[in-house]
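First the structure, in the form of structure tokens, and then the observations on it.
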Protein chains: 2
Amino acid sequence: MAAVPDARSEDISIGELSRLTGVHVETIRYYEKIEMLPAPPRSHGGRRIYDAGHRRTLAFIRHARELGFTLDEIRTLLGLARPGGTSCAQVRDIAAAHLGSVRDKIANLMRLEAILSRTIAQCADGAPTSCAVLDMLETPDAASVVRRVMSKKPSRADRKI
Amino acid sequence: MAAVPDARSEDISIGELSRLTGVHVETIRYYEKIEMLPAPPRSHGGRRIYDAGHRRTLAFIRHARELGFTLDEIRTLLGLARPGGTSCAQVRDIAAAHLGSVRDKIANLMRLEAILSRTIAQCADGAPTSCAVLDMLETPDAASVVRRVMSKKPSRADRKI
DNA sequence: CCTTGCTCCTGTAGTCGCTACAGGATGCAA
DNA sequence: TTGCATCCTGTAGCGACTACAGGAGCAAGG
């Protein structure tokens, strides 16, 4: 018996788990409170003792968070990831819905990017009487701003910013 | 007395102001509480009475929010927009910093988009033994996922999604 | 044995920008 | 007068954490 079954070589403290996964200690405790991560057994002194299973789950959560999935989506994904967790199709649906929202966000941000960069470029062109940024914010209707700004020919300064 | 000086034709209730600017009533009151919008005078019965100045300020705030500026940035912009509010350069700096963060977000989201769309496409290709999405989430290191996924040749399914 | 210093514990409150009530008062028309 | 829309204040909730306060556990050095 080189290894007694109960002597688990992979016992991890919360600090080690944090270092191993890159998830803050407070966040790990938060995940336990909202039941994202199962509550681990405790040591004699009341400290949490994690194992390789917890580590895998937390790494999964972290990767999904990095990809922008919500904690609710991840909860569902974790259920589907368990052996016997039904179909790949459901997982794909969640991922596809998320991909859709990522694409929406990109589209919105690119509209903002266009408005901001063109307006700032006008500033750089240096109309001395008024500030192009403030002018844009003061115009009565944002949709008209988009139209007006988008129809303007790009100036030299556009490429610099 | 067709028009007594004090009978201001532009007095607006909070509901009208909401309709005119597209900002929810609760949000207007919230802006007052956090001192984004000056507290207006009140009617005999305690109701808020706004004027064209409030309307302009609130429209400014709304446009800036639509462009993704934080309320703190907008507070600063409002200070700079007031007559004698120093220089256009400061306004441009705030806008440029914001533009930078918008571009960072776009870059991040486009990385996510690439990972998600390629992984989902692998799923659609139909490896029957395991789910490509779950596999990706379970791999130990997200950075390696990015590398692995990005170096994969796009399959036919990539173009469909 | 005692101190030092690190890690850990619980619990609460703060972040951002709202949103959603509860429980009441006001104001106007039929 | 009744009914209804609108308004008021105040508080709590959202998502996903983050930042304390105030204490306890634990190993090493003196």
Side-chain angles (χ1 to χ4, degrees), chain A residues 11-37 39-50 54 57-58 60-78 94 97-98 101-102 105 108 112, chain B residues 11-37 39-50 54 57-78 94 97-98 101-102 105 108-109 112:
Chain A
D11 285 356
I12 314 173
S13 74
I14 197 169
E16 277 170 297
L17 183 63
S18 171
R19 260 166 263 130
L20 288 167
T21 57
V23 178
H24 290 163
V25 167
E26 300 91 336
T27 305
I28 298 172
R29 286 196 285 249
Y30 168 71
Y31 284 167
E32 181 180 326
K33 197 169 69 181
I34 63 165
E35 297 182 289
M36 284 295 297
L37 199 63
R42 300 290 187 117
S43 75
H44 169 73
R47 304 191 167 197
R48 291 168 178 84
I49 303 168
Y50 295 97
H54 293 102
T57 303
L58 187 55
F60 184 102
I61 295 170
R62 200 204 153 169
H63 296 161
R65 287 294 299 131
E66 282 172 348
L67 290 171
F69 287 95
T70 66
L71 291 178
D72 257 8
E73 286 168 335
I74 298 169
R75 238 187 284 263
T76 307
L77 289 174
L78 281 168
I94 293 172
H98 180 53
S101 84
V102 167
K105 276 184 195 142
N108 278 325
L112 299 193
Chain B
D11 284 357
I12 314 173
S13 74
I14 197 169
E16 277 170 297
L17 184 63
S18 170
R19 259 165 263 131
L20 288 167
T21 57
V23 178
H24 290 163
V25 166
E26 299 91 334
T27 305
I28 298 172
R29 285 196 285 249
Y30 168 71
Y31 284 166
E32 181 180 326
K33 198 168 70 181
I34 63 166
E35 298 183 287
M36 286 294 297
L37 200 61
R42 300 290 185 118
S43 75
H44 168 72
R47 301 187 168 198
R48 292 169 178 83
I49 303 168
Y50 295 97
H54 293 102
T57 304
L58 187 54
F60 184 103
I61 295 170
R62 201 206 151 163
H63 297 162
R65 287 293 301 132
E66 281 172 348
L67 290 171
F69 287 95
T70 67
L71 291 178
D72 256 7
E73 286 167 335
I74 297 169
R75 238 187 284 263
T76 308
L77 289 174
L78 282 169
I94 293 172
H98 179 53
S101 85
V102 168
K105 277 186 197 140
N108 278 326
L109 287 171
L112 300 194

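Within every chain, numbering begins at 1; the chains are lettered A, B, ... in the order of the sequence lines, protein sequences first and strands thereafter.
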Any A:Tyr31 side-chain nitrogen or oxygen under 4.0 Å from OP1 or OP2 of D:dC17: yes

Sugar-phosphate only, base, or nothing, as touched by A:Ile14 at under 4.0 Å among non-hydrogen atoms: sugar-phosphate

Between C1' of C:dA13 and OH of A:Tyr30, the distance in whole Å: 14 Å

Interatomic distance, B:Asp11 CG vs D:dT6 C1' [rounded to whole Å]: 17 Å

Separation of C:dA22 C1' from B:Arg29 CZ (nearest whole Å): 13 Å

Which residue lies more 5' along DNA chain C, comparing B:Asp72 with B:His44 via nearest heavy atoms: B:Asp72

Rounded distance in Å - CD (B:Glu16) to C1' (D:dA5): 13 Å

B:Leu71 vs B:Met36, side chain to side chain contact (heavy atoms under 4.5 Å, CB included): CA-CA, chis, key distance, verdict: CA-CA 8 Å; B:Leu71 291 178; B:Met36 286 294 297; 3.9 Å; yes

Over all atoms of both residues, closest heavy-atom pair of B:Glu35 and B:Arg75: O-NH1, 3.6 Å

Backbone of A:Ile12 reached by a side-chain donor or acceptor of A:His54 within 3.5 Å: no

Nucleotide D:dC7, atom P - distance to CD1 of B:Ile12 in whole Å: 12 Å

Under 4.0 angstrom between A:Thr27 side-chain N/O and D:dA16 OP1 or OP2: no

N or O in side chain of B:Arg48 less than 4.0 angstrom from D:dC7 OP1/OP2: no

Distance, rounded to the nearest Å, where A:Arg62 contributes CZ and D:dC17 contributes C1': 14 Å

Phosphate contact (D:dC17 OP1 or OP2) by A:Arg65 side-chain N/O below 4.0 Å: yes

hbond_proxy B:Arg47 side chain to D:dT6 base (donor-acceptor, 3.5 Å cutoff): yes

Heavy-atom donor-acceptor pair, B:His98 side chain to B:Leu67 backbone, under 3.5 Å: yes

Phosphate contact (C:dT10 OP1 or OP2) by A:Arg42 side-chain N/O below 4.0 Å: yes

Phosphate OP1/OP2 of D:dG25: any A:Ser43 side-chain N/O under 4.0 Å: no

For atom CD1 of B:Ile34 and atom P of C:dT15, their distance in whole Å: 12 Å

B:Lys33 NZ - D:dG10 P separation (whole Å): 9 Å

Trace of the side chain to side chain contact (heavy atoms under 4.5 Å, CB included) decision for B:Leu58 with B:Tyr50: CA-CA 11 Å; B:Leu58 187 54; B:Tyr50 295 97; over 6 Å; no

Below 4.0 Å: OP1/OP2 of C:dC18 and any side-chain N or O of B:His24: no

